[in-house]
Amino acid sequence: MSKGIDLPKAYEAKQVEDGISATWMQSGFFSPENLPERENRREPFSIILPPPNVTGTLHMGHAVMLAIEDAMVRFARMSGKNAVWIPGTDHAAIATESKVEKMLIEKEGKTRHDLGREAFLRRVEAFAKESHDTIVNQMKKMGASVDWSREAYTLDEKRHDAVNTAFLRMYKDGLIYRGYRVINWDPVGKTAVSDEEVEYKEGTATLYTFRYGKDVPIAISTTRPETKVGDTAIAVHPDDPRYQAFIGKEFDVAFAGTTLHLRVIADACVDREFGTGALGVTPAHSLADADLAHVHELPMIQVIDESAHMTQEAGTLVAGKSTLEARALVIEWLREEGLLLGEEEVSQNLSYAQRSGGVIEPLPKEQWFIDVNKSFHFRNSTRHPIDGVEDGQEVSLKSLMQHVVRSGQIKIIPDRFSKTYFHWIDHLRDWNISRQIWFGHRLPVWYRNTEVKVSVTKPEGEGWERDPDTLDTWFSSGLWTFSTLGWPNESSPDLLAYHPTTVMETGYDILFFWVARMILMSTYLLGEIPFETVYLHGLVLDEEGRKMSKSLGNVLNPLDMIDRYGADATRLSLLIGSTPGNDMKISEEKVAGFRNFTNKLWNISRFVFLSVDDVKSIEKPPVPKTLADRWILGRFSEVEKKVTHHFEAHEFSFLGETLRDFTWNEFADWYLEIAKIEKGKEEILLYILERLLLLWHPFMPFVTEELSKNFGKGLALIAPWPVAEYALASIDQQAMMELQEIITAIRSVRSTYHVNSQVMLDIVVDGLLSPDVEPLVKSLAKVASISSFQGEKPAQAAVVLVGEMEIYVKLEGFIDVQKEITHVEEELAEAKRYMQLLEQKLGNTAFVEHAPAAVVEEERAKREATFDRIQKLEQSLHHLSHV
RNA sequence: GGGCGUGUAGCUCAGCUGGUUAGAGCGUCACAUUGACAUUGUGAAGGUCAGAGGUUCGAGUCCUCUCACGCCCACCA
């Protein structure tokens, strides 16, 4: 059997992947308009790639995303859909700017201000360009079948147009406003950040309890004494009997170099149990206090500036000092005045800026916000209207965001994240969208003295200055599902064809940052949902379950994995064993394991190609001739159905396992072995192999594309998805029971003959049996011994006749009776020696009487076990000598 | 403080709407292997399914409580 094609003995991913990548690119089939005509080609499938930041290189998180999305889009494409997957990159405003500035400081000792806006931005752009090219290259290595002709960038001209259009419309509707508010200030990045960009870490702090002055009857507690120079009120609980008498009273008091005017206010939000039960209100430097100040109409005094130093307003004692210096000074002052009543170590959450790591300093600032609660007139889409909201109805952004998920128009997988989503919306505050950085979309806002104009171009007249601020990067990302499809041109062909997109696949960690913002923007601007399904994958962790980070040195680079084990193995290791919304651990070993599988698939193909005369595509379903044929064809059809179902249900791990089990445990281990004995299986082998490769294609595109070439049918990339053509042969009740008996019998043969590794695995059977267990057992033993005596290498499966039934038995190795007898005799001798030893020990009365009872028990148990073992070995020896 | 989740073999995890004897991969051990594949094959060992109680003919699966761990949100000054 060697007339077919002879492939290399092992699959060398490195040698084929680049070539295949090039073939795919040249084919143009990543762009839907180039796809060959098919009946259902009008049905669209669209997925927009979550754009990687242009700050560096791809990591495992990206690799998971690419593996899942590529599997989705390849399946859709093969299923005949008009499939498009749009790639792009994200300018990642703060992240990129701070990275470039950091490099600038390290290499040249200059800050961005030393360079100036224009020159600095040129540096950032150059860096982004370089990073972009690396990322694109990496995506190609992964085998991502994205449509490069539609590539987008969150900061290019088209997206800039979309951003401006969105901003202007929201401003007109009163949803974007400018306000002087307490915001999260990052003193390191020197910019405001949104609530979502603040991270919390547990830390300890000293809680100081003190009075503002001798004449102030209420003591308060704080971890930040330096802010107290900006206090304008003391808040107590309205029902607190201790402070009832003071509510509404006002105090003027000299405090640490300044004079405070404090009003005692009552508010139910005060926790009576904490500290003294009274709270010093600092409206300018606490978001919570700012809310209080708003309700109670308290004045706001800014005592900390943008570089985390005390302002002139803070008074003579601390003005100009850093917050830490000021803290020490205030405490010292309190101590001297005898006002400090107590100090206590408490654990506290400290807030940091996500990107720069700076300690967040809440302070009041003029910023731009999106109002999530304000009512406006909803404009519904004419083509894909949102159900349950009328055109022109009064809604708020918040209510819209809730509605589309609650009504099931957007489905989140796994479902439990819907709860998280609603919980987040319930607590949502207005979104601060202005950033005091340079890299990003500059606000289309102009100022002239007190005049403010929102316009893309400079307003008429002299003296207009453009707002130097840029937009939060997530503002442009929020438009991503439609800004990539041609919006704001509402008649763009792509927008008409592909929006709403079919699925959004991304990590759960950006549910709020991004998914929620896309829902906000799309429902508001288009009156459409941005996507029908949200599939959230988990984070990729290292072997010990830690996040991968450069500082920990536990980063597994997907490119290294691809280099060592191939892209297919890397993809499989990320697809199998990961379930939506759950984090996954990955290790190099795991990837190596899947490399073995790609090689297995390669060798299965190699065997099939070698054993047939003519490698060709089998057009008509082959007619099964034997039991084994009926079985494998039936099983294969079942697998085809299952795989299709798993794809539709986004159950990628199940899908992979189903396919792997069939490929390895059924097709290779059984049918290929049977095919070595029973001839005439060429058609079936080819039929199953060709289709099996296609089923695998979305998961491991490279090796399957390479192997499929041999069938001469064109690219697997656009091959029609296989559809089941056989029914599984039925096995009736009676047969099942008899089958069970046979398996039991076989197992007993195994132990009786002490040939645990020698006999057989399982049997494949269908139809009615009239089994006589004895003959089966005998024939097995016979096959085994005969082969061994003739010194031939036997096949790994045998067909055994039991009555009129053919039974396929898988065999592995055979008994060399003589060798086996010697082996058993040796073991027997050893066991007897051990037995003697135990007898001796237990016969010793001193041991039995003085040793701890447990030890004696243990020895007795050992004697029992050894006795059993001797009996078994003697039995084996008896059987063996009669074979 | 609120919410979500996890706890199943040495390790990583499956186990869907409750149904025979709880599975896979890796690891370990034993044996085999010249002809598709040592990136292989066959087997073995290894589990009171975190614990307690309950519902049920029947619970890894449903309910209640407890313990441990993780994540998210809010934030107490």
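Chain identifiers are assigned alphabetically (A, B, ...) following the order of the sequence lines, protein sequences preceding nucleic acid strands; residue numbering begins at 1 within each chain.
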*So, is the end of the Arg406(A) side chain (NZ or CZ) under 6.0 Å from the ring centre of Phe422(A) and within 45° of the ring's axis?*
yes
*asked:* Within the 4.0 Å heavy-atom criterion, would you say Ala288(A) contacts the bases, only the backbone, or no part of the nucleic acid?
replied: sugar-phosphate
*Using only heavy-atom distances, determine whether the side chains of Tyr11(A) and Glu706(A) contain a donor-acceptor pair under 3.5 Å.*
no
_Nearest-nucleotide pick for Ala10(A), side chain only, options being rC37(B), rU39(B), rC4(B)_ = rU39(B)
_Nearest listed nucleotide, side chain of Arg595(A), among rC13(B), rC76(B), rU39(B)_ = rU39(B)
*With a 3.5 Å cut-off and no angle check, do the side chains of Lys228(A) and Thr282(A) form a donor-acceptor pair?*
yes
For nucleotides 68-74 of chain B, which of its nitrogen or oxygen atoms have a protein nitrogen or oxygen under 3.5 Å away, and what is each distance?
{"from": "rA74(B)", "atom 1": "N6", "to": "Asn349(A)", "atom 2": "ND2", "distance (Å)": "2.9"}

*Rounded to whole angstrom, note down the C1' distance from rG27(B) over to rC13(B).*
14 Å
_Using the C1' atom as the point on both nucleotides, what is the distance between rA68(B) and rG23(B), in whole Å?_
26 Å
*Any donor-acceptor pair under 3.5 Å between the side chain of Lys590(A) and the base of rC26(B)?*
no
*Between rC76(B), rC37(B), rG5(B), which one does the side chain of Arg416(A) approach most closely?*
rG5(B)
_If I take atom CZ in residue Arg224(A) and atom P in nucleotide rC76(B), what distance separates them, rounded to the nearest angstrom?_
12 Å
_Please tell me if Lys585(A) has a side-chain N or O lying less than 4.0 Å from either OP1 or OP2 of rC13(B)._
yes
*Below 4.0 Å: OP1/OP2 of rC13(B) and any side-chain N or O of Thr579(A)*: no
*So what does Phe654(A) touch, heavy atoms closer than 4.0 Å: a base, only the sugar-phosphate, or nothing?*
sugar-phosphate
*Could you measure between the two P atoms, the one in rU48(B) and the one in rG10(B), and give it in whole Å?*
8 Å
*asked:* With a cut-off of less than 4.0 Å, is there a side-chain N or O of Trp664(A) near OP1 or OP2 of rG25(B)?
replied: no
*Do His237(A) and Asp267(A) have side-chain atoms, one donor and one acceptor, less than 3.5 Å apart?*
no
*Compare the minimum distances between each of rU40(B), rG25(B), rC76(B) and the side chain of Arg660(A), then state the nucleotide with the smallest one.*
rG25(B)
*Reckon Asn596(A) has a side-chain N or O less than 4.0 Å from the OP1 or OP2 of rU40(B)?*
yes
*Would you check, one step at a time, whether the test side-chain contact (heavy atoms from CB on, under 4.5 Å) holds for Arg224(A) with Ile304(A)?*
CA-CA 12 Å; Arg224(A) 300 205 55 192; Ile304(A) 299 171; 3.8 Å; yes
